[in-house]
Amino acid sequence: MGSPLHIISTQICELGITLASETVSTKSNGIPAVQKLLEKIDIEGCLIVADALNCQQKTAEIIVKGKGDYLLDTKGNQPDLEREISEYVQDGTLRKCMDCERKTEKNRDRIETKTAYSTGDVAWLYGKEKWKNLNCIGAIKTEFEKDGRKTEEWHYYISSRKLSAAELLHHARMEWAVETMHWLLDVHYEEDYCRI
């Protein structure tokens, strides 16, 4: 019995519509599959939001070539980029100059406060020229409060479109909605174990 297929999908998040899909045999083939999928579809004028796995220079280049814009989560696979953005955002003086938007909501039994920061000040960013049309960096701090305990996490972003903090919060949330759908399919419906 072989391993299950992994499906890469493009989705119009605001409408909840899957636009196109590509299958790959293992997760390690996901990056070129996403790039191939982006080359197949019309992305002109669209903002393509992708997770940290797809924060790749070639992916950014393909999106810009297709006349779209990107919003990419930077994480462990781009450690230098993530570190530089983190150091900028964590500098209190610089962070005060960034656009800021905050939203608090109750999600079941916990309170979540998301604070987004964005700026078009990217000239200082080392290696900026490797990222096609990079025009904006941002960060989202998520604070969780449950049963009197508080935790927080940070996510850092790059974008070819100059985004306000409110726009960053909105578009990043759309990507989280897709991740939540995948989590539900995997955990509740055991999609990863399905061999159909």
Side-chain angles (χ1 to χ4, degrees), residues 4 6-9 11-16 18 27-28 30-31 34 47-56 70-122 124-125 136-159 161-194:
H6 296 277
I7 300 173
I8 306 294
S9 301
Q11 188 177 55
I12 302 172
C13 292
E14 286 83 0
L15 302 176
T18 298
K27 286 187 177 183
S28 64
I31 294 167
V34 166
L47 178 65
I48 307 300
V49 183
D51 61 10
L53 177 69
N54 293 292
C55 185
Q56 305 289 329
Y70 59 82
L71 172 62
L72 304 174
D73 190 345
T74 65
K75 256 190 182 171
N77 64 329
Q78 299 292 341
D80 294 337
L81 182 63
E82 181 188 28
R83 187 190 73 252
E84 287 203 35
I85 296 171
S86 170
E87 287 174 358
Y88 182 99
V89 173
Q90 298 304 328
D91 182 305
T93 303
L94 293 172
R95 191 168 61 234
K96 285 180 185 175
C97 298
M98 298 177 80
D99 188 37
C100 180
E101 178 76 14
R102 175 175 289 163
K103 284 193 176 180
T104 300
E105 54 191 32
K106 192 165 193 273
N107 189 351
R108 294 190 188 170
D109 58 346
R110 71 180 185 185
I111 297 170
E112 292 182 16
T113 301
K114 294 186 187 319
T115 309
Y117 302 93
S118 69
T119 182
D121 175 21
V122 294
W124 58 271
L125 188 62
C136 180
I137 61 165
I140 297 178
K141 176 184 179 183
T142 306
E143 299 168 280
F144 305 98
E145 185 177 341
K146 182 178 177 180
D147 300 328
R149 290 178 300 180
K150 293 182 180 181
T151 58
E152 68 177 49
E153 63 182 36
W154 286 85
H155 286 262
Y156 301 97
Y157 298 87
I158 59 171
S159 181
R161 186 182 292 180
K162 287 187 179 175
L163 298 171
S164 68
E167 289 170 324
L168 172 61
L169 201 54
H170 170 76
H171 293 298
R173 187 181 184 111
M174 292 292 102
E175 196 273 327
W176 291 334
V178 173
E179 294 296 335
T180 301
M181 177 195 68
H182 288 302
W183 183 84
L184 286 169
L185 290 171
D186 289 345
V187 174
H188 291 288
Y189 296 101
E190 299 182 344
E191 184 182 60
D192 280 349
Y193 297 105
C194 181

Check against side-chain contact (heavy atoms from CB on, under 4.5 Å), Tyr88 and Thr119: CA-CA 10 Å; Tyr88 182 99; Thr119 182; 3.9 Å; yes
Thr113/Thr142 under side-chain contact (heavy atoms from CB on, under 4.5 Å): CA gap, chis, key distance, verdict: CA-CA 6 Å; Thr113 301; Thr142 306; over 6 Å; no
Residue pair Ile140, Tyr156: steps toward the side-chain contact (heavy atoms from CB on, under 4.5 Å) verdict: CA-CA 7 Å; Ile140 297 178; Tyr156 301 97; over 6 Å; no
Derivation of the side-chain contact (heavy atoms from CB on, under 4.5 Å) call for Glu152 and Trp154: CA-CA 7 Å; Glu152 68 177 49; Trp154 286 85; 3.3 Å; yes
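Contact detail for Ile137 and Met98: the closest heavy-atom pair is O-CE, 4.4 Å. Summarising the geometry of Cys55 relative to Ile158, their closest heavy-atom pair is SG-CD1, 4.2 Å, with the distance given to 0.1 Å.
Although no hydrogens or angles enter the test, the distance criterion places no donor-acceptor pair under 3.5 Å between the side chain of Asp147 and the main chain of Arg149. No donor-acceptor pair closer than 3.5 Å links the side chain of Glu87 to the backbone N or O of Glu84. Between the Lys106 side chain and the Arg108 main chain, a donor and an acceptor come within less than 3.5 Å of each other. The main-chain N or O of Ser118 is never found under 3.5 Å from a side-chain atom of Asp99 such that the two would form a donor-acceptor pair. At distances below 3.5 Å, not a single donor-acceptor pair connects side-chain atoms of Ser159 with backbone N or O atoms of Cys136. No side-chain donor-acceptor contact under 3.5 Å links Asp73 to the backbone of His155.
Residues Glu82 and Lys75 are not paired through a salt bridge, judged by the lack of any N-O separation under 4.0 Å between the basic side chain and the carboxylate. A salt bridge is absent between Lys103 and Glu101; no separation between the charged side-chain nitrogens and carboxylate oxygens falls under 4.0 Å. A salt bridge links Lys114 with Glu112: the closest approach of a Lys/Arg side-chain nitrogen to an acidic carboxylate oxygen falls below 4.0 angstrom.
More than 12 heavy atoms of other residues, nucleotides or ligands sit less than 6.0 Å from atom CZ of Arg83.
Between atom OG1 of residue Thr115 and atom CG of residue Leu169 there is a gap of 8.5 Å, rounded to the nearest 0.5 Å. Annotation: the span from Arg173 atom CZ to Leu168 atom CG amounts to 13.0 Å, rounded to 0.5 Å. Lys96 contributes atom NZ, which lies 10.0 Å from atom CG of Asp91 (distance to the nearest 0.5 angstrom). Atom OG1 of Thr104 and atom CD of Glu143 lie 8.0 Å apart (nearest 0.5 Å). To the nearest 0.5 Å, atoms CG (Leu47) and NE2 (His170) are separated by 9.0 Å. Here the CG-SG distance, from Asp121 to Cys97, works out to 8.5 Å after rounding to the nearest 0.5 Å.
Using a 4.5 Å cut-off on side-chain heavy atoms (C-beta onward), Leu163 and Tyr157 make no contact. A heavy-atom distance below 4.5 Å is found between the side chains of Asn77 and Gln56. Side-chain contact check for Leu94 versus Val89: every heavy-atom pair is 4.5 Å or farther apart.
Under a cutoff of 6.0 Å and an axis angle of 45°, Arg95 and Tyr117 form a cation-pi pair.
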